[in-house]
Amino acid sequence: MIPSMFFFLFSQLSVGMLLTLLFISPRRIGKGFFKFASLTAAILMGVTLAFDFFFPSPYRNGNGPLILLLISIVLTILYNRVVNLDKFSVALALLTTATATGLVSIAWDSLAFTRLLHVAGWEHWLLAVNHFAATALLGSVLLTMVFGHWYLVIPKLSIDHLMKLTKVFVAAILLRLVSVVVTFALIRTEPSLSLSDVLPALMLQQGIFFWPRLLFGIVAPIILAVMIYSTVQIRHTQAATGLLYVAVVTLLFGEFFSKFLLFAVQLPF
């Protein structure tokens, strides 16, 4: 269980950082942040692969996701070097390809996951949707938090960039909420399952993980997102960065509990 949870969490975190980088431009911000962020993402992906090498997941069919994640690492490192040379068009193509490869790796890993209940034949696609939403959420909150520190490096940097990333973070929260709602909706289409059976299992038997998952993964991030958005509007970057720190911690806990519930009830939430 732990190897799969680790692979899910950190592959989504690193690929999500690459995905969020696509919303801002090194032409306007400078290449320094993009070098740092892409290197961080490559390191996280490398740690994920190394952990899987020593502790392989027993719930995956094949090594396709690992190969694709390795390709994404190589492309990310190439991006890091090309953006340093100010070749921004080539760099964007590399970043886009690295992100797409990482997303396909996450999708493949979801489709190859063997520990799922049958949900009208949609269970693996349902897991992929949840993992895509988690990827966007984890990557956007971490990258936005790191970017908040860049105002200490470049004090005259436009607040518009932080506002754009904040909006991406808010959209990612909404997407994650939708993925959870879709899960409950599709459960109703499976004759062998019913909400009257699933909800007590979640709220009572797995309540010690379900309620923290909602609190840290949905409720607290929504409240924090409103506070962060308001703080960025008044151009208080340090306060926004502090709130983003809290958001990163809460979402890591929230997604950890989400991954645990995946094994406990064999359904994505």
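All figures in this text were calculated on a predicted structure; none of them were measured in a lab. Quick note: numbers below take in every heavy atom, side chains included, and nothing from hydrogens, waters or symmetry partners.
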Give the cluster check for [X] versus [Y]: same hydrophobic cluster or not, with ILVMFWY residues linked at side-chain heavy-atom distances below 4.5 Å.
| X | Y | result |
| --- | --- | --- |
| Leu267 | Leu214 | yes |
| Val129 | Ile187 | no |
| Phe253 | Leu137 | yes |
| Leu142 | Leu175 | no |
| Phe216 | Leu174 | no |

Whether the Arg176 and Ser258 side chains hold a donor-acceptor pair (N or O, under 3.5 Å, no angle test) is what I'd like checked.
yes
Pair His131, Ser110: side-chain N/O donor-acceptor within cut-off below 3.5 Å:
yes
Do the non-hydrogen side-chain atoms of [X] and [Y] ever get within less than 4.5 Å of each other?
| X | Y | answer |
| --- | --- | --- |
| Leu85 | Arg81 | no |
| Thr97 | Tyr79 | no |
| Leu143 | Thr40 | no |
| Val168 | Thr144 | no |
| Thr114 | Asn61 | yes |
| Phe36 | Trp150 | yes |
| Leu92 | Leu22 | yes |

Tell me the salt bridge (Lys or Arg N to Asp or Glu O under 4.0 Å) pairs involving [range], sequence neighbours left out?
| range | result |
| --- | --- |
| residues 82-92 | Lys31-Asp86 |
| residues 207-219 | Arg213-Glu255 |
| residues 122-145 | none |
| residues 125-154 | none |

Looking at every heavy atom in both [X] and [Y], which two are closest together, and how far apart are they?
| X | Y | answer |
| --- | --- | --- |
| Ser38 | Asn80 | OG-ND2, 3.0 Å |
| Leu116 | Pro268 | CD2-CD, 4.4 Å |
| Ala42 | Thr76 | CB-CG2, 4.0 Å |
| His161 | Ile24 | O-CG2, 4.4 Å |
| Val141 | Ala247 | CG2-CB, 3.7 Å |

So, do His149 and Tyr245 have ring centers that fall under 6.0 Å from each other?
yes
Partners of [X] by side-chain contact (heavy atoms from CB on, under 4.5 Å), sequence neighbours excluded?
| X | answer |
| --- | --- |
| Ala107 | Phe132 |
| Ala225 | Phe169, Val170, Ile173 |
| Leu202 | Phe184, Val198, Phe210, Leu261, Val265, Phe269 |
| Phe263 | Met1, Ser4, Met5, Tyr59, Phe113, Arg115 |

Can you tell me how far [atom2] of [Y] sits from [atom1] of [X], rounded to the nearest 0.5 angstrom?
| X | Y | atom1 | atom2 | result |
| --- | --- | --- | --- | --- |
| Leu162 | Met145 | CG | CE | 12.5 Å |
| Leu95 | Leu78 | CG | CG | 12.0 Å |
| Ile77 | Leu94 | CD1 | CG | 12.0 Å |
| Leu244 | Leu165 | CG | CG | 9.5 Å |
| Gln233 | Thr231 | CD | OG1 | 9.5 Å |
| Thr101 | Trp108 | OG1 | CH2 | 12.0 Å |

Neighbour count above 12 (heavy atom, 6.0 Å) for Phe209 CZ:
yes
More than 12 non-hydrogen atoms from neighbouring residues, nucleotides or ligands closer than 6.0 Å to CD on Gln238, yes or no?
no
So, using ring-ring contact (aromatic ring centres under 6.0 Å, His included) as the criterion, who are the partners of Tyr229 when residues are at least two apart?
none
Any chance you could lay out the side chain to side chain contact (heavy atoms under 4.5 Å, CB included) test for Trp211 and Met203, step after step, and finish with the verdict?
CA-CA 7 Å; Trp211 296 112; Met203 296 179 180; 3.7 Å; yes
Between [X] (side chain) and [Y] (backbone), is there a donor-acceptor pair under 3.5 Å?
| X | Y | answer |
| --- | --- | --- |
| Trp122 | Leu186 | no |
| Thr183 | Ser179 | yes |
| Ser105 | Pro65 | yes |

Using the side chain to side chain contact (heavy atoms under 4.5 Å, CB included) rule, take Ile29 and Phe147 through it: C-alpha gap first, then chi angles, then the decisive distance, then the call.
CA-CA 10 Å; Ile29 296 170; Phe147 188 73; 3.8 Å; yes
Apply side chain to side chain contact (heavy atoms under 4.5 Å, CB included) to the pair Phe257 and Leu252, showing each step before the final yes or no.
CA-CA 9 Å; Phe257 287 123; Leu252 283 173; over 6 Å; no
Test of understanding: with side-chain hydrogen bond (donor to acceptor under 3.5 Å, both in side chains), list the residues that count as partners of Lys35, not counting sequence neighbours.
Asn84
Show every donor-acceptor pair shorter than 3.5 Å between a side-chain atom in residues 43-55 and any protein atom, with sequence neighbours excluded, or say none if there are none.
unit_1	atom_1	unit_2	atom_2	d
Thr48	OG1	Leu44	O	2.7
Asp52	OD1	Arg60	NH1	3.3
Asp52	OD1	Arg60	NH2	3.3

Atom pairs and distances, donor-acceptor, side-chain atoms in residues 7-20, under 3.5 Å, two or more places apart:
unit_1	atom_1	unit_2	atom_2	d
Ser11	OG	Phe7	O	2.5
Ser11	OG	Phe8	O	3.3
Gln12	OE1	Lys259	NZ	2.9
Gln12	NE2	Phe8	O	3.2
Ser14	OG	Phe10	O	2.9
Ser14	OG	Ser11	O	3.1
Thr20	OG1	Gly16	O	2.8
Thr20	OG1	Ser140	N	3.3

